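Right, one structure below, let's go through it.
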Amino acid sequence: MMSTTAETTTPVTMAAALNAALADALTADPGVLVFGEDVGTLGGVFRVTDGLAERFGVDRCFDTPLAESGIAGTAVGMAMGGMRPVIEMQFDAFAYPAFQQVVSHIAKMRNRTRGALAMSLVIRIPYAGGIGGVEHHSDSSEAYYAHTPGLKVVTPATVADAYLLLRAAIDSDDPVVFLEPKKLYFSKDQVDLAALRARYDAGAGAGATSTSGDADAEGDPRTALEAGGATIARSGADATLVAYGPSLPAVLAAAAAAEEEGRSLEVIDARTIVPFDDAAVVASVRRTGRALVVSEETGFGSVAGEIAARIQERCFHSLRGPVLRVTGFDIPYPPPKLEHHFLPGVDRILDAVDDLQWED
């Protein structure tokens with residue numbers, strides 16, 4: 001198996017990794033198309049599609065009108081015709097006008113046709129907060145999609161996962177909502193994109209150990225999209241912290257701070273919200289006996305609440321206390337100068353860790 005080395009790894013941003021994944025998918029399969037608002041000439045608001053139109057032509061990477069429902073509806077027809085469209089919604093809340101297409105057609109087409117029509121379609125959504133954006137630019141909308149049967153929902157937290165999971169999403173015969181944490185677009189990890197590309201193309205699909213704490217460097221991302229793909233981002237013994245996407249860096253920082261206080265916290269990066277990797281999370285919680293779930297979304301009706309319920313149902317006799325959550329508050333997204341109060345930070349996470357009933 002190939003391995004990354006100090007000589008071949010370089011600092012790579014998540015945006016660059018996503019760009020490489022799109023370029024490699026376009027190269028590998030002539031049926032792949034990339035389109036959406038400003039993805040062509042501009043190269044995307046966050047430059048994730050930079051240079052693709054010039055490289056592959058405007059027939060394969062092109063701009064659309066500002067009509068999200070039309071973008072999604074066009075993608076449905078293309079997917080029914082055997083293509084693999086990859087559409088971008090530009091910002092999380094901009095996707096809401098397309099929601100009827102997503103729920104009524106994209107999510108249901110394969111079931112509606114008894115499997116005769118695969119819906120090989122990826123909806124890329126820059127999402128969540130942390131960039132000083134106003135409302136309609138900072139929503140954590142994962143629960144809407146996770147609640148819809150027929151959709152896979154994925155969110156990477158590391159550069160390597162961004163590349164590998166997007167490649168796997170494009171190759172999937174099921175529709176994938178691919179949530180890209182905006183505040184992590186320009187975070188950097190030491191990775192070897194050429195090695196990731198070779199591993200994926202060979203079918204091994206291994207990830208590179210990243211500076212952000214990804215400790216699971218093996219496994220095929222295609223399998224993750226079929227059966228769930230949680231990884232242990234940090235090993236620990238005293239409690240399990242479950243996070244994904246934009247929340248993972250804060251959780252890792254909290255675990256590092258807790259270590260200075262003598263507490264060993266295991267951090268699980270869920271990576272795939274749907275399908276959810278119950279086995280990996282349950283194994284960790286049964287070892288540690290305590291669990292905390294962290295996400296940026298509002299708490300009521302959240303993915304975090306679903307994860308907490310699944311842990312309680314499967315680990316009840318192993319738990320030393322209730323499963324707790326740290327999420328955003330149940331309010332509309334706040335103005336930029338107040339978002340640091342809304343988003344789960346290290347202090348809020350550590351306060352919740354203190355509440356995990358440590359007394360015997």
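Reckoned from all heavy atoms, side chains included, excluding hydrogens, waters and symmetry mates. Just so it is clear, the structure is predicted and the values come from calculations on it, not from any experiment.
- For the salt bridge (Lys or Arg N to Asp or Glu O under 4.0 Å) test, no residue two or more places apart in sequence or in another chain qualifies with Asp139.
- Contacts classified as side-chain hydrogen bond (donor to acceptor under 3.5 Å, both in side chains) and involving residues 51-80 (residues at least two apart or in different chains) are not found.
- Ionic pairing of Glu296 and Lys183 is present here: one or more N-O contacts between side-chain nitrogen and carboxylate oxygen are shorter than 4.0 angstrom.
- Among residues two or more places apart in sequence or in another chain, the salt bridge (Lys or Arg N to Asp or Glu O under 4.0 Å) test is passed with Asp173 by Arg84.
- The side chain to side chain contact (heavy atoms under 4.5 Å, CB included) check on Ala304 picks up Val293, Ser295, Glu297, Ser302, Arg325, Thr327, with sequence neighbours excluded.
- Sorted by first then second residue, the ring pair (Phe, Tyr, Trp, His ring centres under 6.0 Å) pairs that include residues 104-142, not counting sequence neighbours, are Phe91-His137, Phe94-His137.
- When the salt bridge (Lys or Arg N to Asp or Glu O under 4.0 Å) test is applied to Lys108, no partner is found at least two apart in sequence or on another chain.
- Listed by first then second residue, pairs satisfying side-chain hydrogen bond (donor to acceptor under 3.5 Å, both in side chains) with a partner in residues 245-265 read Arg234-Glu259, Arg263-Asp354, not counting sequence neighbours.
- Sequence neighbours left out, the pairs with a member in residues 316-338 that pass ring pair (Phe, Tyr, Trp, His ring centres under 6.0 Å) are Tyr333-Phe342.
- More than 12 heavy atoms of other residues, nucleotides or ligands sit less than 6.0 Å from atom OH of Tyr185.
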If you look only at distance, which donor and acceptor atoms sit under 3.5 Å apart when one is on a side chain in residues 36-46 and the other is two or more places apart or in another chain?
residue : atom : partner : partner atom : Å
Asp38   : OD2  : Gln90   : NE2          : 3.2

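- The pair Asp269-Arg271 does not meet the salt-bridge criterion, since no charged nitrogen lies less than 4.0 angstrom from a carboxylate oxygen.
- Applying the salt bridge (Lys or Arg N to Asp or Glu O under 4.0 Å) criterion to Lys152, with sequence neighbours excluded, gives Asp174, Glu226.
- Screening residues 265-304 for ring pair (Phe, Tyr, Trp, His ring centres under 6.0 Å), with sequence neighbours left out, gives no hits.
- Judged as a side-chain hydrogen bond (donor to acceptor under 3.5 Å, both in side chains), the pairs with a partner in residues 277-288 (not counting sequence neighbours) are, in order, Thr240-Ser284, Thr240-Thr288, Glu266-Ser284, Glu266-Arg287, Asp278-Arg310.
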